[in-house]
Colleague: 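Okay, handing you the structure first.
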Amino acid sequence: DAASAKTHYHDFVIQATPVKRLCKTHNTITVNGQFPGPTLEVNSGDTLVVKVVNRARYNVTIHWHGVRQMRTAWADGPEFITQCPIRPGKSYTYRFTIQGQEGTLWWHAHSSWLRATVYGALIIHPKEGGNYPFPKPKRETPILLGEWWDANPIDVVREATRTGAAPNVSDAYTINGQPGDLYKCSSQDTTIVHTDSGETNLLRVINAGMNQELFFTVANHKFTVVGADASYVKPFTTSVLMLGPGQTTDVLIKADQPPSRYYMAARAYASAQGAPFDNTTTTAILEYKTSSCSSNCVKTNPVFPSLPAYNDTATTTAFTTKFRSPRKVEVPKEIDENLFFTVGLGLNNCPRGARPRNCQGPNGTRFTASMNNVSFVLPSNFSLLQAHHNGIPGIFSTDFPAVPPVKFDYTGNVSRSLWQPIRGTKLYKLKYGARVQVVLQGTNISIAENHPIHLHGYDFYIIAEGFGNFNPKRDASKFNLVDPPLRNTASVPVNGWAVIRFVADNPGVWLMHCH
């Protein structure tokens, strides 16, 4: 009930802080000097008021990833979508209520690549007096998986933008900000998670990485998956998780092994054939605390887990297709808007007058991402929400195509003529209350890979996924309209598709993008 709901006030100061990783100190952009940033804990129904003061040299915004933001679109945070960025020296206050969501979300910067280091957990407990739909765990531990560059992340993305090539891959993955024992100068700070023998703990796993899907596992232990993206799921057991950037997964882990030390580890799921990726492995330590093992334990080397191969799509598919809602759910059956969006990378021909050093993509091109062959251009003077709200003309158009402008063999050999997207600030308009289906179709244009697609302002049901080209006649039989999982970020399979449904019940301007 509303009586127990609280308002939590926080100050976030965005500032450069010396952070030393991999033997080298960087002037890293952080919140309040913390890396990762502070964990926010609320109960469902509570209100958050976060004043963000920008003391850094870059524009910044903060996005509350997965928060529904019902009628509070101004607090969503993506720069030039729902607000102009917070300039250096300025501030902005985010004010929103969290309703009907329980579990793990997270917050991160939503301006350029600042979110490489500006991120933290957002934990939503049941309402005061409410319970989990599973036995209450002894302890709860956020596990934030991150990507670390031995460089300024802003320089990394600026260089990629200048050259047209793919951005440099990260130099390390991290667990709660620490790379772990397998990297230089890191083992003295490896994250340690304590447990008592026999107890069951809740791990709230978040992929806060910039670009890389990750496998996560704990040596000799199994997980019971109980939630994802702040929705409960029908519990299932697995020894490995796969999270795309932006996704969260809540798991119970029982300390039922001989008391010792066990590695938790994460490494890449790299689905793009032949594309470079960071092939390092980050580790933390699950350490049993028992009376018999206070001093001699520390000397034993932790047990190392086996991880799936980097390109193990079969394990990924087996995992993602296990997700179900705990009970029958109200999935929209009649559809008002049937949308089909291709998602993937395109290649732009080298623009006239550009130098070869600006066209370092494959065969002298520039990489560009697109949906339905439109490469999105952010406005630069107004946010889209402001332009929409105040009726400012000329900022955006509403002619984003509902289906690909040209039909082609999306996952086969794609003709070069289709590789060149058009640039534009194109939006798609939905009526309030519309029942929407979106087919997200991956493409094999320059390179096929798994794409984590995130929709702001909404959760959606993932009713099916598959490989190859989506075929409505053949694939409608695969639709789960009974108990599909509710997510805010869908992993579109490599060279495949996913189908999502939602009701457009939240007015605003909402970004849908690859995370």
Side-chain angles (χ1 to χ4, degrees), residues 65-66 103-105 143 145 203-209 211-217 222-251 266-272 307-326 329 331 341 343-344 411 437-442 448-455 459-470 475 477-502 512 514-515:
H65 183 114
T104 307
L105 296 174
I143 302 285
L145 308 176
L203 301 181
R204 300 173 176 275
V205 187
I206 300 165
N207 185 345
N211 301 312
Q212 190 59 60
E213 284 88 0
L214 293 166
F215 289 121
F216 176 77
T217 189
K222 281 205 166 11
F223 303 124
T224 303
V225 178
V226 292
D229 294 0
S231 287
Y232 294 117
V233 304
K234 191 169 284 179
F236 66 92
T237 308
T238 179
S239 56
V240 65
L241 312 178
M242 196 290 291
L243 292 91
Q247 294 185 322
T248 74
T249 307
D250 286 5
V251 298
R267 77 173 187 188
Y269 164 49
S271 56
L307 279 146
Y310 297 115
N311 63 351
D312 190 343
T313 294
T315 291
T316 293
T317 308
F319 176 70
T320 54
T321 52
K322 275 196 181 116
F323 281 84
R324 297 270 184 279
S325 282
V329 288
V331 188
F341 293 173
V343 296
T411 54
Q437 172 174 295
V438 187
V439 176
L440 298 164
Q441 172 71 60
E449 60 180 335
N450 182 295
H451 296 291
I453 302 296
H454 172 47
L455 174 60
D459 288 323
F460 48 74
Y461 291 110
I462 304 179
I463 60 169
E465 62 167 65
F467 293 99
N469 299 339
F470 175 76
D475 294 326
S477 65
K478 302 191 178 104
F479 287 0
N480 175 3
L481 302 177
V482 179
D483 60 354
L486 192 60
R487 300 295 300 254
N488 64 50
T489 305
S491 281
V492 178
V494 53
N495 254 330
W497 49 269
V499 182
I500 67 170
R501 287 189 182 179
F502 62 95
M512 179 190 252
C514 183
H515 213 289

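We number each residue from 1, following the sequence as shown.
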Colleague: Parallel, tilted or perpendicular: which describes the rings of F470 and W497, with under 30° parallel and over 60° perpendicular?
Modeller: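 Answer is perpendicular, since the angle exceeds 60°.
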
Colleague: Of the non-hydrogen atoms in G246 and N488, which two are nearest, and what is the gap between them?
Modeller: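 Shortest heavy-atom contact: O-OD1, 4.2 Å.
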
Colleague: Report the distance from atom NE2 of H454 to atom CZ of F460, rounding to the nearest 0.5 Å.
Modeller: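 One finds 8.5 Å between NE2 of H454 and CZ of F460.
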
Colleague: So does Y269 get a backbone contact from the side chain of Q212, meaning a donor-acceptor N/O pair under 3.5 Å?
Modeller: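 Side chain of Q212 to backbone of Y269: a pair is present.
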
Colleague: Give a yes or no on whether the backbone of G468 and the side-chain of Q441 come within a donor-acceptor separation of less than 3.5 Å.
Modeller: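 Looks like yes, one N/O pair under 3.5 Å.
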
Colleague: When you measure from the side chain of S325 to the backbone N and O of P484, does any donor-acceptor pair fall under 3.5 Å?
Modeller: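 Checking the backbone N and O of P484 against the side chain of S325, a donor-acceptor pair under 3.5 Å is found.
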
Colleague: Kindly indicate, with the supporting measurements, whether the criterion side chain to side chain contact (heavy atoms under 4.5 Å, CB included) is fulfilled by L455 and F502.
Modeller: CA-CA 11 Å; L455 174 60; F502 62 95; 3.9 Å; yes

Colleague: Nearest 0.5 Å please: distance from the OG1 atom of T316 over to the CZ atom of F215.
Modeller: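 It comes to 3.5 Å.
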
Colleague: Looking only at heavy atoms, what is the nearest atom pair of T411 and G442, with distance?
Modeller: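 In this case the closest contact between T411 and G442 is CG2-O, 3.6 Å.
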
Colleague: Yes or no on side chain to side chain contact (heavy atoms under 4.5 Å, CB included) for H451 and L440, after CA distance, side-chain angles and deciding distance?
Modeller: CA-CA 10 Å; H451 296 291; L440 298 164; over 6 Å; no

Colleague: Between P308 and M242, is any pair of side-chain heavy atoms under 4.5 Å apart?
Modeller: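 No, every pair of side-chain atoms sits at 4.5 Å or beyond.
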
Colleague: Looking at D229, is its backbone amide N or carbonyl O close enough to the side chain of T248 to form a donor-acceptor pair, meaning the two atoms are under 3.5 Å apart?
Modeller: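 Yes: the side chain of T248 pairs with the backbone of D229.
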
Colleague: I need the Q247 CD to E213 CD distance, nearest 0.5 Å.
Modeller: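 Interatomic distance, Q247 CD to E213 CD, rounded to 0.5 Å: 8.0 Å.
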
Colleague: Is a side-chain N or O of R487 found less than 3.5 angstrom from the main chain of S231, in a donor-acceptor match?
Modeller: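 Absent.
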
Colleague: What's the shortest heavy-atom distance between F323 and V233, and which atoms?
Modeller: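 The answer is CD2-CG1, 3.9 Å.
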
Colleague: Minimum heavy-atom separation for V225 and F319, please, with both atom names.
Modeller: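 Smallest interatomic distance, heavy atoms only, reads CG2-CE1, 4.2 Å.
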
Colleague: Heavy atoms only: give me the nearest D312-T315 pair and the separation to one decimal.
Modeller: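 In this case the closest contact between D312 and T315 is OD2-OG1, 2.7 Å.
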
Colleague: Side chains of V331 and F479, heavy atoms from C-beta outward: is any pair under 4.5 Å?
Modeller: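 No, too far: nothing below the 4.5 Å cut-off.
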
Colleague: Considering residues, nucleotides and ligands other than K222, do more than 12 of their heavy atoms fall under 6.0 Å from its NZ?
Modeller: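 Atom NZ in K222 is not crowded, with 12 or fewer foreign heavy atoms closer than 6.0 Å.
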
Colleague: Any idea how H515 and H65 line up, ring-wise: parallel (<30°), tilted (30 to 60°), or perpendicular (>60°)?
Modeller: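 Aromatic pair H515/H65 classed perpendicular.
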
Colleague: Kindly compute the distance separating CD1 (I143) from OG1 (T249), expressed to the nearest 0.5 Å.
Modeller: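 The OG1 atom of T249 is 12.5 Å from CD1 of I143, to the nearest 0.5 Å.
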
Colleague: For T217, check side-chain contact (heavy atoms from CB on, under 4.5 Å) against everything at least two apart and list the hits.
Modeller: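 With sequence neighbours excluded, T217 shows a side-chain contact (heavy atoms from CB on, under 4.5 Å) to V240, P305, L307, given in chain and number order.
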
Colleague: Between CZ of R501 and CG of L486, what distance do you get to the nearest 0.5 Å?
Modeller: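 One finds 14.5 Å between CZ of R501 and CG of L486.
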
Colleague: Would you find a donor on one side and an acceptor on the other, under 3.5 Å apart, between the side chain of S271 and the backbone of N450?
Modeller: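 Indeed, once roles are kept as given, a pair shorter than 3.5 Å links the two residues.
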
Colleague: Which of parallel (below 30°), tilted (30 to 60°) and perpendicular (above 60°) describes F223 and F216?
Modeller: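 Because their plane-to-plane angle is under 30°, the rings of F223 and F216 count as parallel.
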
Colleague: Do the side-chain N and O atoms of T320 and E465 include a donor-acceptor pair separated by under 3.5 angstrom?
Modeller: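 Checked: T320/E465 side chains pair up, N/O donor to acceptor below 3.5 Å.
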
Colleague: Any chance you could measure D459, atom CG, to I500, atom CD1, to the nearest 0.5 Å?
Modeller: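 That separation rounds to 10.5 Å.
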
Colleague: Grab the two heavy atoms, one from N207 and one from L243, that are nearest each other, plus how far apart they are.
Modeller: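 Scanning both residues completely, I find the closest heavy atoms to be ND2-O, 2.7 Å.
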
